[in-house]
Amino acid sequence: MSIAKTYSPAQAEEKWYSYWLQHNFFRSVPDEREPYTIVIPPPNVTGVLHMGHMLNNTIQDVLIRRARMKGKNACWVPGTDHASIATEAKVVAMLKERGISKKDLTRSEFLTYALEWKDKYGGIILEQLKKLGASCDWERTKFTMDEDMSESVIDYFVHLHKKGWIYRGVRMVNWDPQSKTAVSDEEVNRKEVNQKLYYIKYEVAGDEERVADEERTSHNAQRSQSYLTIATTRPETIMADAAICINPNDERYTHLHGKKVFIPLINREIPVILDNYVTMDFGTGCLKVTPAHDLNDYELGQRHKLPVIDILNDDATLNEKAQILVGEDRFAARKKIAVLLEEAGALEKTEDYTSQIGFSERTNAVIEPRLSMQWFCKMPELAKPALEYVLNGDVKLIPEKFINTYRHWMENVRDWNISRQLWWGQQIPAYYLPNGEFVVAKTKEEALAEAHKIDASLTIENLTQDEDVLDTWFSSGLWPMSVFDGVRNPDNAEINYYYPTNDLVTAPEILFFWVARMIMAGHELRGQKPFTNVYLTGIVRDKLGRKMSKSLGNSPDPLELIEKYGADGVRVGMLLCSPAGNDLMFDESYCEQGRNFANKIWNAFKLVKGWEADDSIAPNNQVAIEWFGSRFNQALVDIESDFKQYRLSEALMTTYKLVWDDFCAWYLEMVKPVYQQGVEKQKIDRETYNATVSYFQDILKVLHPYMPFITEELWHDELFGTRTPLDCCIVAQLPVIGQINTRLVADIEVVQQVIAQVRNTRNGNKLSPKDALPLAIKANSAINYKEYEGVIKQLGNITELSLVDGAVNGANSFVAGTDEFFISLNIEIDAVAERERLEKEQDYLIGFLRSVNAKLQNERFMANAKPEIIENELKKKADAEARLKIVEDNLRGLAG
RNA sequence: GGGAGUUUAGCUCAGCUGGUUCAGAGCAUCUGCCUUACAAGCAGAGGGUCACUGGUUCGAACCCAGUAACUCCCA
């Protein structure tokens with residue numbers, strides 16, 4: 001039976017993924033084995049698979065598959081997150097397309113539409129993950145708004161409220177006027193924006209006569225005592241001004257102390273107040289104070305007991321309190337008021353100005369600082385222990401550099417605004433009494449019982465639940481617990497078995513949003529960390545270093561990549577360029593490398609498959625077999641240590657080189673039988689055949705976490721005998737580390753150099769690889785070259801291998817280790833080139849010896865260096881001297 | 001403005017506690033090969049002032065100080 005020349009992944013992927021599912025290999029239930037648990041960072045229901053997910057989930061799958069193959073009870077819990085703002089926005093948009101306005105719907109009607117939307121689109125990303133090979137326990141798939149999950153969220157809210165850590169208050173919040181909800185500080189992106197600074201004149205009350213005088217005598221309006229000038233980027237908010245503030249030390253304005261001024265256009269009178277907050281050298285030194293529309297002004301207003309005049313609606317249009325431009329959008333109003341001010345002679349000038357503006361992470365709308373009644377969660381009490389877990393190493397951040405960032409955030413954390421003015425999410429379990437008081441309880445019935453303590457006459461109809469929902473992070477903070485029902489039933493078998501989970505793989509951007517909050521919730525509800533290791537991946541960028549984004553169009557479609565290079569190829573490609581915690585410059589060529597690797601494995605398999613064991617052939621590959629066994633075990637040691645340090649791409653590279661270089665390029669070439677004409681299968685001795693097949697199987701195991709599909713495909717080939725349905729690579733146990741013959745490995749390293757030099761000699765003399773040559777060896781080292789005669793002959797295409805005591809005249813020579821090698825070619829050797837080569841080496845060795853001797857003759861080196869270092873230097877000296885002697889002998893031979 | 005990080009071959013990255021013949025790997029490049037597993041390949045080769053300047057040290061890619069460029073976080 002002939003097999004294809006190249007590996008075609010599509011079919012194998014389809015076949016084995018459903019096979020694994022069918023045989024429940026991803027399923028985990030608690031048993032007596034040690035658990036290994038990962039909870040997926042739940043992607044948004046609005047999302048589609050992007051490169052960040054590919055990276056993140058490839059890593060998780062590698063970890064989970066490896067754990068499974070180490071005999072752990074591996075459990076990877078998948079799921080999605082309801083993403084209140086983003087999803088609500090999508091649903092509103094969908095309704096709009098159907099001609100339905102959210103305003104015309106009741107809450108429950110809206111939620112019906114939203115659920116419909118979620119059912120249709122919410123699972124897309126999980127389906128896409130299957131194409132990647134993700135071995136999640138799909139039976140456990142969770143959604144943050146599942147009934148039990150929501151109940152957990154409500155429980156947590158009630159719990160925190162009872163402790164007094166949740167409160168309600170008017171605060172300046174980040175208002176997203178597009179989604180009409182407050183967002184947390186962390187969901188605001190600040191960007192430098194070019195703006196204009198408007199200089200606006202306010203008339204000082206009681207100075208009318210002077211104005212006339214001044215205008216006659218002076219054109220310097222700035223100096224006028226009748227006006228003061230403020231600079232602002234937001235002229236449309238002057239109608240909300242409550243005061244003008246100046247620095248009490250500002251000598252320019254002492255005459256304004258205790259005065260009042262008129263707001264232009266609306267002529268409302270406001271006081272001039274004094275506060276050190278005002279910077280004298282910024283703008284004009286006069287600051288308009290608008291408590292309703294600026295955080296700093298709000299605080300200033302509080303200090304000076306100023307009224308709060310909110311002139312904006314929730315969609316950022318002006319309301320009737322503005323008196324003018326009512327109904328206009330804030331930005332339209334800004335343009336119009338500039339004209340009005342100009343016409344009224346109140347606009348002195350405008351200047352270009354750049355400043356930081358906040359944009360909503362969800363909708364990209366310009367954030368409007370706005371006062372509103374919100375729910376807050378106190379942070380210091382929660383943050384303190386959560387910081388401890390990381391600082392004392394109970395929770396490890398990988399790489400460690402993120403500890404600093406984490407600490408900084410946790411030490412400076414502000415109370416968390418947890419309410420969102422939306423419908424999609426868990427509705428806050430606060431119930432208002434007719435008198436405006438409220439109670440917090442898990443259900444309306446329990447709320448009524450509470451309410452009765454206040455007023456025994458109340459009925460359930462008298463209670464109104466708070467309209468707001470909770471921030472999505474409030475629910476995802478419970479994720480590692482709630483997926484095992486650990487919030488509602490803190491002592492159930494699953495949570496006790498799987499929690500704390502082992503590894504979390506996520507992006508540094510959500511270290512605070514999510515990781516910190518899970519640690520807080522875990523500590524608060526269970527007194528336990530949610531996970532031990534947090535592996536932080538980088539951002540996937542294109543090769544120009546730009547973040548991949550839809551708008552740039554620089555992100556490849558992951559599914560197309562899989563189609564093009566195979567899931568295994570893409571997985572390898574992702575990992576090849578992904579150092580932990582650093583951004584990765586993704587380029588398709590990495591996937592190509594992955595695909596090529598898969599093909600290499602495929603072809604190596606094809607070679608072995610073409611063999612047939614024959615008992616009549618005497619075994620003669622013991623050296624090769626033992627050598628590869630040692631190399632294999634060395635690789636296992638390295639891989640183990642790489643995984644301990646979460647250096648996945650290094651572990652992959654070790655595997656890659658083990659397979660490609662050691663196994664394919666060296667081992668298979670060593671044992672490969674000479675081609676036998678006219679037979680269907682190449683005959684090979686049984687010992688070699690068995691060893692090779694067994695090595696191949698071990699290689700498949702080691703490769704499996706990275707390349708699950710091709711390994712499973714080959715695993716089931718008849719080459720490995722018949723397999724029971726459950727005998728699959730996915731659940732095979734990784735090979736245990738065995739003996740390493742270090743002498744053999746070191747010897748072969750020299751042998752490999754010898755072979756390379758032989759090939760090189762052939763190359764340099766324009767000989768074909770087919771030209772067999774004789775090789776003479778003058779061994780100065782302890783290496784017994786006769787032991788490696790077979791290998792050298794086979795790979796070097798050597799006719800005759802002889803050991804000699806002295807230099808061979810007229811032969812090409814080279815040095816490997818400290819041994820000398822001679823190849824007698826039947827052509828004249830190029831004495832000039834040979835001399836040049838030798839002299840070059842001589843120069844190098846002399847220089848090298850000089851530096852070694854300098855060290856050895858340096859008293860301070862001898863006094864300070866550790867003994868083993870000195871010993872090493874002595875060895876370097878001896879080796880170099882030996883080689884130098886050889887080179888010089890050869891040079892003399894050349895001359896003679 | 002405050003803090004953190006990065007800078008090593010054309011590209012992406014390793015390089016542990018300062019000391020191996022230490023300057024490495026993969027990819028890319030160049031040369032020669034369609035050699036009965038593989039041209040998605042084989043065999044060879046070239047390529048770096050370890051960002052810069054100074055310091056500590058017997059010895060620095062590694063430690064210290066400063067400079068520059070880039071990135072991220074916070075205000």
Side-chain angles (χ1 to χ4, degrees), chain A residues 2-7 185-186 190 356 399 401-409 412 508-509 511-512 538-539 541 543 545 547 565-566 569 573 576-579 581-587 589-590 592-611 641-642 645 647 649-650 652-654 656-657 660-661 664-665 668-669 672 674-677 682 755-764 766-770 795 797 817 844-845 848-849 851-852 854-866 868-873 875-877 879-880 883:
Chain A
S2 70
I3 58 177
K5 202 169 170 180
T6 53
Y7 168 61
D185 291 338
E186 291 78 22
R190 287 175 195 284
Q356 295 275 347
K401 66 176 178 184
F402 288 108
I403 295 175
N404 275 337
T405 330
Y406 182 82
R407 174 169 51 202
H408 184 259
W409 192 77
N412 296 288
E509 299 131 77
L511 190 57
F512 318 129
I539 296 167
R541 297 173 179 278
K543 63 176 172 181
K547 207 166 165 172
Y565 301 105
L576 280 174
C577 58
S578 62
N582 284 331
D583 290 355
L584 53 120
M585 309 299 161
F586 179 80
D587 186 76
S589 64
Y590 290 107
E592 194 181 339
Q593 194 180 345
R595 178 202 60 181
N596 293 354
F597 185 42
N599 196 47
K600 185 73 188 177
I601 298 163
W602 182 259
N603 276 290
F605 186 81
K606 215 174 115 181
L607 173 70
V608 177
K609 184 119 172 92
W611 295 348
S641 121
D642 286 337
Q645 300 169 74
R647 299 160 73 143
S649 59
E650 307 250 322
L652 170 59
M653 190 42 71
T654 303
Y656 181 93
K657 287 193 278 193
W660 201 307
D661 298 342
C664 294
L668 289 179
E669 293 298 335
K672 184 163 127 183
V674 182
Y675 186 74
Q676 303 142 36
Q677 203 97 37
Q682 301 293 304
I755 290 162
Q757 289 278 29
V758 169
R759 288 167 174 167
N760 219 347
T761 305
R762 215 181 251 116
N763 232 342
K766 304 244 181 305
L767 295 174
S768 154
K770 286 175 184 162
L795 296 187
N797 192 15
Y844 170 79
L845 286 168
F848 180 73
L849 265 176
S851 80
V852 174
K855 277 190 206 177
L856 290 170
Q857 283 155 18
N858 184 321
E859 282 170 31
R860 303 186 69 168
F861 172 75
M862 298 304 281
N864 294 323
K866 281 178 277 186
E868 57 267 31
I869 302 286
I870 295 175
E871 206 170 301
N872 226 320
E873 293 299 317
K875 185 172 178 301
K876 278 156 70 175
K877 179 183 157 95
D879 284 354
R883 288 191 62 160

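First the proteins, then the strands, lettered A, B, ... as listed; each starts at 1.
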### Non-hydrogen side-chain atoms of A:Arg407 and A:Asn404 separated by less than 4.5 Å
yes
### Of A:Arg860 and A:Asn872, the one whose closest RNA chain B nucleotide lies more 5'
A:Asn872
### Task
Please test A:Asp879 against A:Lys875 for salt bridge (charged side-chain N to carboxylate O under 4.0 Å, His left out), starting from the C-alpha separation and ending with a verdict.
CA-CA 6 Å; A:Asp879 284 354; A:Lys875 185 172 178 301; 3.1 Å; yes
### Query
Rounded to the nearest Å, what distance is computed from the CD atom of residue A:Glu650 to the C1' atom of nucleotide B:G24?
11 Å
### Task
Looking at every strand, decide which applies to A:Gln677 at a 4.0 Å heavy-atom threshold: base, sugar-phosphate, or nothing.
base
### Task
Please work out if A:Tyr656 contacts a base, only the sugar-phosphate, or nothing of the nucleic acid, heavy-atom cut-off 4.0 Å.
sugar-phosphate
### Message
Would you compute the distance between atom CD1 of A:Ile601 and atom OH of A:Tyr656 and round it to the nearest 0.5 angstrom?
### Response
9.5 Å
### Task
Can you establish whether the number of heavy atoms outside A:Gln645 located under 6.0 Å from its atom CD is more than 12?
yes
### Task
Mind telling me whether A:Phe597 and A:Trp660 have parallel, tilted or perpendicular rings, with 30° and 60° as the class edges?
parallel
### Message
Give me the distance, rounded to whole Å, that separates B:C13 from B:G54 when you measure between the P atoms they each carry.
### Response
30 Å
### Task
Round to the nearest Å and state the distance from A:Leu652 atom CG to B:C27 atom P.
12 Å
### Task
Assign A:Ala863 to base, sugar-phosphate, or nothing according to its heavy-atom contacts below 4.0 angstrom with the strands shown.
nothing
### Message
With a cut-off of less than 4.0 Å, is there a side-chain N or O of A:Lys401 near OP1 or OP2 of B:C73?
### Response
no
### Task
Return the nearest nucleotide to the side chain of A:Thr6; candidates are B:U35, B:A40, B:A37.
B:A40
### Message
Nearest to the A:Arg595 side chain among B:C27, B:A40, B:A37, which nucleotide is it?
### Response
B:A40
### Message
Regarding A:Ile539, tell me which of base, sugar-phosphate or nothing describes its non-hydrogen contacts under 4.0 Å with the strands shown.
### Response
nothing
### Message
Side-chain N or O of A:Arg759 versus OP1/OP2 of B:G44: is the shortest distance under 4.0 Å?
### Response
yes
### Query
Tell me: CD1 of A:Ile870 to C1' of B:G59, nearest whole Å?
12 Å
### Query
For the side chain of A:Gln682 and the base of B:U36, is some donor closer than 3.5 Å to an acceptor across the two?
no
### Message
So, does A:Lys766 get its side chain near the phosphate of B:G32, meaning an N or O under 4.0 Å from OP1 or OP2?
### Response
no
### Query
Quick one: are A:Arg759 and A:Asn797 in side-chain contact, heavy atoms under 4.5 Å?
no
#### Entry: d(CG, A:Leu668; P, B:C42) in whole Å
12 Å
### Query
If only side-chain N and O atoms of A:Asn599 are considered, is one of them under 4.0 Å from the OP1 or OP2 phosphate oxygen of B:G41?
no
### Whole-Å distance separating the CG atom of A:Leu856 from the P atom of B:C58
17 Å
### Message
Would you measure the distance from the P atom in B:A45 across to the matching atom in B:A4 and give it in whole Å?
### Response
46 Å
### Task
Determine whether any donor atom in the side chain of A:Lys855 lies under 3.5 Å from an acceptor atom in the base of B:C58, or the reverse, and answer yes or no.
no
### Query
For A:Lys600 and B:A37, what is the distance between atoms NZ and P respectively, to the nearest whole Å?
11 Å
### Task
For B:C63 versus B:A25, give the span between their P atoms, rounded off to a whole number of Å.
23 Å
### Message
Taking only the P atom of each, what is the distance from B:C11 to B:U49 in whole angstrom?
### Response
13 Å
### Query
What pair of heavy atoms forms the shortest contact from A:Met653 to A:Leu576, and how long is it?
CE-CD2, 3.5 Å
### Task
With C1' as the reference atom in both, quote the distance from B:G18 to B:U56 in angstrom, rounded to an integer.
12 Å
## Note on the structure
Taking every heavy atom of A:Asn599 against every heavy atom of A:Lys5, the minimum-distance pair comes out as OD1-O, 3.9 Å
### Task
Look at A:Asn763 and B:A45 and indicate whether a side-chain polar atom (N or O) is within less than 4.0 Å of OP1 or OP2.
no
### Message
What's the gap between B:C30 and B:G19 when it is taken at their C1' atoms, as a whole Å value?
### Response
36 Å
### Query
Phosphate oxygens OP1/OP2 of B:C42: is one of them under 4.0 Å from a side-chain N or O of A:Trp660?
yes
#### Entry: Pairwise 5' ranking along RNA chain B for A:Asn404 and A:Glu669, keeping only the more 5' one
A:Asn404
#### Entry: Sub-4.5 Å side-chain heavy-atom contact between A:Ile869 and A:Phe861
yes
#### Entry: Rounded distance in Å - NE2 (A:His408) to C1' (B:C72)
13 Å
## Note on the structure
If one requires at least 3 consecutive Watson-Crick or G-U pairs with distances under 3.5 Å, the stems of RNA chain B turn out to be B:1-7 with B:68-74, B:10-13 with B:24-27, B:29-33 with B:41-45, B:51-55 with B:63-67
### Task
Would you please confirm or rule out a distance under 4.0 Å between OP1 or OP2 of B:A39 and any side-chain N or O of A:Lys5?
yes
### Query
For B:G15, does either OP1 or OP2 sit under 4.0 Å from a side-chain N or O belonging to A:Arg647?
yes
### Query
Using the P atom in both, what is the distance from B:A43 to B:A37, to the nearest Å?
14 Å
### Query
How far does the C1' atom of B:G26 sit from the matching atom of B:G47, given to the nearest Å?
15 Å
### Message
Just to be sure I understand the rule, does A:Gln676 reach a base, reach only the sugar-phosphate, or reach nothing, if contact means heavy atoms closer than 4.0 Å?
### Response
nothing
### Message
I need the NZ-C1' distance between A:Lys606 and B:A39, as an integer number of Å.
### Response
13 Å
### Message
Please verify the inter-ring angle class for A:Trp409 with A:Phe512; under 30° counts as parallel, over 60° as perpendicular, anything in between as tilted.
### Response
parallel
### Message
Please pick, from B:U35, B:U12, B:C27, the nucleotide with the shortest atom-to-atom distance to any side-chain atom of A:Lys770.
### Response
B:U35
